[in-house]
Amino acid sequence: MRTATLGPAERADALTAMAERELDVLVVGAGVVGAGTVLDAATRGLSTGLVEASDWASGTSSRSSKLIHGGLRYLEMLDFALVREALKERGLLLERLAPHLVKPVPFLYPLQHKGWERLYAGSGVALYDAMSVSSGHGRGLPMHRHLSRRHALRVAPALKKDALVGALQYYDAQMDDARYVATLVRTAAGYGAHVANRARVTGFLREGERVVGARVQDVEGGEEYEIRAKQVVNATGVWTDDTQALIAERGQFHVRASKGIHLVVPKDRIHSSTGLILRTEKSVLFVIPWGRHWIIGTTDTDWDLDKAHPAASSADIDYLLEHVNSVLNTPLGRDDVEGVYAGLRPLLAGESDATSKLSREHTVAHPAPGLVVVAGGKYTTYRVMAKDAVDEAVHALDQRVADCVTEDIPLLGAEGYRALWNARARIAARTGLHVVRVEHLLNRYGSMTEELLELVKGDPSLGEPLAGAEDYLRAEVVYAASHEGARHLDDVLTRRTRISIETFDRGTRCARECADLMAPVLGWDTSQVEREVEHYRKRVEAERESQRQPDDLTADAARLGAPDIVPR
């Protein structure tokens, strides 16, 4: 496999190539399911294209809890098949497919009742571990353990003594969701897929009842392309119904959006060596280690407003703070919150009015000849969803197609990662970077770290940290634009890095420095740099204003006060 570079020239070439000859499969939507689908199709030897109206993972797939997990609470719902499937995928990602991106994370579950709760919860966690091991891919994580109250408070001193009578500790896994999707897309491109972001489907091509492709507008340049394909896969998540409406087909199911918000606070605000999982009256609440921060989430409420920019209201933030503060010695306040983000889960509508009761299982359908729809599911099982979508598509292809092989396809950066990790001290000595910097790069880029180090070798100033966002090197901004398909400042500050939620200023301090670094790669003039910086600042202002509003309606109106970026 060649290492794919997703710069401006490659994007232009991809759009041209997709319009020149009929594809076997065209995938619409570059969230984790769309990206997984294009990798699945490309690795079966099919000519494949991917178009995305915004940026890779710009919707749900960059705004999750960033967990790769079996779904412990689904055991309580007796959904054993979903848990077993997810645990197998978790093990594959940790051990084989993406060890550089997916990492183990410990969680403490405080027990509040003596006797029966330890037996009940302990049996569930024991079954969780047993199902993980029986999948054949679960031996890389420690088994759960039972803790006394005294031991639990040593592990998590931040907890109130009266908040627990004991605890269970177990392990799951986590990743940077947006980085994972960008890596999936690059991996697919390395296997020959044509990929283009900022390329919006404006309609489908039809021959009678059959869908034979899509009309695609280059959002950046304005050109229109007709991309013909034997099969089109609609993988647009919460936009599924909107995409189906382009052919006046809603399909056999309806996708509802459930809003989940998360808070990001500095590591020193919660004194604990482990993550926490807490019960709420509706679901569960996680406190998740995230580098030098904690992620606290999530909510679960119906959302039928703007899908592109779901807004977190003041009530959402208060809900999370109230619930986490119920167990903390030192309560968190609004001033402790560095970042807030809101995402929408695509749920398959069912009998229940409560989104927390809707299905997380996925569905694949063929609503019209030439068109496949995949929807629902959860991040962890994206690879299974992608396999099912491609299996459905190839049924209608007049050719013999190989079976899915993605179970054995490591993502870009995985090969050689462990060897480089073992050599990180030597890499640090060779490059002059601190070993912590090298570890940071390896856990974001894996073996592709060498490409960033080449940039630094050519321009040593790129080895310096960003002013105001010192966790990231200047080279990472350049690399995002030259290799990872970043087209705008927002792409870098929100998805290629997490500066927008990891700094109290939400990335405004380093915005100009980042824009100046991107400009030579993307051909921006001074006026475009100004537009990018001003747009980003307005976005941050609108988000802050929305988070002061009392409810969804007013928060949504405030967030819509910031216009989307216009290239030129």
Side-chain angles (χ1 to χ4, degrees), residues 5-8 55-56 58 62 176 178-179 182 197-198 220 264 266 290-293 338-339 341 431-434 436-441 443-445 448-449 451-544 562-568:
T5 297
L6 302 183
D55 183 30
W56 320 133
S58 57
S62 61
D176 182 329
R179 170 146 300 284
N197 54 359
R198 310 283 175 183
E220 303 284 271
V264 182
W290 181 254
R292 298 197 297 121
H293 318 268
E338 291 174 288
Y341 64 94
T431 60
L433 295 174
H434 193 283
V436 172
R437 294 281 185 199
V438 175
E439 290 175 352
H440 162 88
L441 294 175
N443 284 331
R444 284 169 54 75
Y445 306 95
M448 295 299 101
T449 294
E451 295 183 349
L452 282 102
L453 295 177
E454 282 297 312
L455 289 177
V456 174
K457 186 177 179 181
D459 180 357
S461 73
L462 297 181
E464 297 296 320
L466 289 166
E470 287 78 11
D471 285 352
Y472 297 93
L473 298 180
R474 286 161 54 87
E476 295 182 75
V477 177
V478 175
Y479 190 80
S482 63
H483 286 69
E484 296 180 332
R487 301 287 303 169
H488 294 286
L489 181 59
D490 187 59
D491 299 342
V492 170
L493 294 178
T494 307
R495 287 173 290 277
R496 302 306 184 281
T497 71
R498 291 309 187 147
I499 293 169
S500 67
I501 58 171
E502 293 176 348
T503 58
F504 280 104
D505 62 89
R506 310 278 172 98
T508 53
R509 276 183 60 200
C510 68
R512 182 167 297 280
E513 181 182 3
C514 290
D516 286 338
L517 287 165
M518 296 172 71
V521 181
L522 298 175
W524 292 348
D525 57 19
T526 305
S527 62
Q528 181 64 21
V529 169
E530 290 295 333
R531 276 194 291 272
E532 294 283 338
V533 173
E534 183 61 19
H535 168 267
Y536 185 77
R537 286 178 177 155
K538 284 182 177 176
R539 196 209 86 172
V540 170
E541 288 168 11
E543 286 184 349
R544 286 189 188 278
D564 282 335
I565 188 69
V566 176
R568 284 170 176 66

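Just so it is clear, the structure is predicted and the values come from calculations on it, not from any experiment.
When all heavy atoms of N197 and G485 are compared, the pair lying nearest together is ND2-O, 2.8 Å. Across all their heavy atoms, P266 and F504 have their closest contact at CG-CZ, 3.7 Å. Residues A467 and C510 come closest through the heavy atom pair O-CB, 3.2 Å. A pairwise comparison of heavy atoms in G507 and L493 identifies O-CD1, 3.9 Å as the closest pair. The shortest heavy-atom contact between D176 and R444 is OD2-NH1, 4.1 Å. Between A475 and V456, the shortest heavy-atom contact is CB-CG2, 3.8 Å.
M518 places a side-chain heavy atom less than 4.5 Å from the side chain of V477. Residues S500 and Y536 are in side-chain contact: their nearest non-hydrogen atoms beyond the backbone lie under 4.5 Å apart. Within the 4.5 Å cutoff, side-chain heavy atoms of L441 are placed close to those of E476. For the pair R198 and D55, the minimum side-chain heavy-atom distance is below 4.5 Å. L489 places none of its side-chain heavy atoms less than 4.5 Å from the side chain of H535. Side chains of E220 and H488 form a contact here, defined as non-hydrogen atoms less than 4.5 Å apart.
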>> Determine whether L517 and L466 satisfy the following criterion, side-chain contact (heavy atoms from CB on, under 4.5 Å), listing intermediate values before the conclusion.
In response: CA-CA 11 Å; L517 287 165; L466 289 166; 4.0 Å; yes
> Can you list the steps and then say if R506 with R544 is a side-chain contact (heavy atoms from CB on, under 4.5 Å)?
Replying inline: CA-CA 10 Å; R506 310 278 172 98; R544 286 189 188 278; 3.2 Å; yes
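The CD atom of E470 sits 9.5 Å away from the OG1 atom of T503 when rounded to the nearest 0.5 Å. Atom CD of E532 and atom CD of Q528 lie 4.5 Å apart (nearest 0.5 Å). How far OG1 of T431 is from CD of E454: 11.5 Å, rounded to the nearest 0.5 Å. Going from atom CZ of R496 over to atom CG of D490 covers 10.0 Å, rounded to the nearest 0.5 Å. If you take CG on L453 and CG on L462, they are separated by 11.5 Å, rounding to the nearest 0.5 Å. Rounding to the nearest 0.5 angstrom, the gap separating the CZ atom in R474 from the CD atom in E513 is 5.0 Å.
In the model, T494 has a side-chain atom that pairs as donor or acceptor with a side-chain atom of R539 under 3.5 Å. Judged by distance alone, the side chains of W56 and E484 never bring a donor and an acceptor atom under 3.5 Å apart.
In this structure, H440 and Y472 have perpendicular ring planes: the angle between them is above 60°, well past the 30° mark.
With sequence neighbours excluded, the residues forming a ring-ring contact (aromatic ring centres under 6.0 Å, His included) with Y479 are Y445, H483, listed by chain and number.
Ion pairing of R437 with E464 is absent here, as no side-chain N (NZ or NE/NH1/NH2) approaches a carboxylate O to less than 4.0 Å.
Between the T497 side chain and the V492 main chain, a donor and an acceptor come within less than 3.5 Å of each other.
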